Trainee: 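I have a structure here, written as structure tokens, and I will follow up with some questions on it.
Side chains included, hydrogens not; waters and symmetry mates left out as well; all remaining heavy atoms used. First listed ligand is number 1; within each ligand, the first listed atom is number 1. In this chain, residues are counted from 1 in sequence order. Bear in mind that the values here come from a model prediction, so they are computed numbers and not experimental data.
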Amino acid sequence: MADKYSPVGVLDSGLGGVSVLRELVALLPSEDYIYFGDSVNAPYGTRADEEIISLSMNAIERLIGENVKAIVVGCNTISANIKLLRKKYASLPIIATEPAVKPAAESFPNGNVVVMATTATLRGKKFAELAKRYGSAANIIKCPCPGLMEFVERNETHSEDLRKYLEEKFASLDGLNGGKIDAIVLGCTHYPFLRGMISEVAGDGVRIFEPGAGIARQLKRVLRAGGLLNDKTGQGKIIWQNSSPDPRMNELGKMLLAMK
Ligand code: DGL
């Protein structure tokens with residue numbers, strides 16, 4: 001039975017969830033964490049929904065097997081099916097990730113808000129509802145980015161190929177109506193590691209939004225409400241797990257966690 005000293009499980013299709021983990025550690029440093037990245041099966045974002053759901057269940061069950069007290073889904077693509085997952089694992093608090101469309105749309109009324117995310121996230125019902133809710137506040141432009149998370153998985157966060165990918169992406173955006181980009185929502189947890197280059201290519205004055213800090217606050221609220229906040233002092237530990245047998249994946253995870 002998990003208790004307040006049990007670890008928090010964090011999962012993603014790969015190493016993107018580390019951008020969420022760093023916010024969790026910043027807000028709740030004395031918690032212990034198990035980070036699971038399913039890099040062998042990444043990317044999820046170009047797969048069919050049934051496949052994504054089945055892989056997500058495997059990852060959640062693996063963490064439940066580690067006796068976690070809560071799970072943070074550090075992945076927008078997995079979170080697109082969060083209702084179903086919460087129903088299946090109802091005894092466990094599950095915190096989800098969603099593109100930060102709300103703060104972006106509210107900060108730029110009538111502005112052009114570009115949401116960079118996986119194909120699966122952008123085609124889902126959950127995103128359609130989000131875009132509908134804030135679509136009257138701002139012009140929400142979908143920007144599916146297949147192939148982009150792979151730059152992070154191969155530790156390529158600043159390269160000419162990446163620049164070229166982003167330049168082509170922004171040049172081919174549909175829906176700007178002759179205007180400019182006001183805000184970019186990083187709707188995939190891998191993209192914060194590419195933020196430097198995204199910002200460089202998008203140009204000065206484009207605000208970038210990511211959800212990590214809000215997820216950390218939500219985890220804190222949920223743990224507190226369940227009497228599950230770890231009251232130890234000092235730094236907790238992080239256990240790194242990856243479906244890939246290549247030890248370099250966990251090493252890359254640690255490096256990304258330390259990245260500014
Ligand atoms: N990091 C993931 C997300 O937030 C997904 C990347 C992928 O597997 O395609 O959506």
Trainee: More than 12 foreign heavy atoms under 6.0 Å from CZ of Arg221: is that the case here?
Mentor: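 Atom CZ in Arg221 is crowded, with more than 12 foreign heavy atoms closer than 6.0 Å.
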Trainee: If every non-hydrogen atom of Glu31 is compared with every non-hydrogen atom of Lys4, which pair is closest and at what distance?
Mentor: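 Looks like OE1-O, 4.3 Å.
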Trainee: By number and element, which atoms of ligand 1 are closer than 4.0 Å to a non-hydrogen atom of Met149?
Mentor: 6 (C), 7 (C), 8 (O), 9 (O)
Trainee: Out of Thr77, Thr46, Thr189, who is nearest to atom 5 (C) of ligand 1 when you count heavy atoms only?
Mentor: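 Nearest option to atom 5 (C) of ligand 1, by heavy atoms: Thr77.
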Trainee: Give the atoms of ligand 1, by number and element, whose distance to some non-hydrogen atom of Ser13 is under 4.0 Å.
Mentor: 5 (C), 6 (C), 7 (C), 8 (O)
Trainee: Inspect the contact between Arg195 and Glu210 and indicate whether a charged nitrogen and a carboxylate oxygen are less than 4.0 angstrom apart.
Mentor: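 The answer is yes: the pair qualifies as a salt bridge.
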Trainee: Counting from 1, what ligand 1 atoms have a heavy atom of Asp12 closer than 4.0 Å?
Mentor: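 Answer, ordered by atom number: 1 (N), 2 (C).
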Trainee: What is the ring orientation for Tyr35 with Trp240, classed by angle as parallel under 30°, tilted 30 to 60°, or perpendicular over 60°?
Mentor: tilted
Trainee: At a 4.0 Å threshold, what atoms of ligand 1 neighbour a non-hydrogen atom of Gly45?
Mentor: 7 (C), 8 (O), 9 (O)
Trainee: Contact between Ala42 and ligand 1, counting heavy atoms under 4.0 Å?
Mentor: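 Contact absent.
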Trainee: Quick one: do Lys254 and Glu251 make a salt bridge, cutoff under 4.0 Å?
Mentor: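 Looking at Lys254 and Glu251, the cut-off is met.
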Trainee: May I ask you to check if ligand 1 and Cys188 share an N or O to N or O distance below 3.5 Å?
Mentor: no
Trainee: Should the pair Asp161-Arg163 be classified as a salt bridge under the 4.0 Å nitrogen-to-oxygen rule?
Mentor: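 A salt bridge is absent here (no side-chain N lies under 4.0 Å from a carboxylate O).
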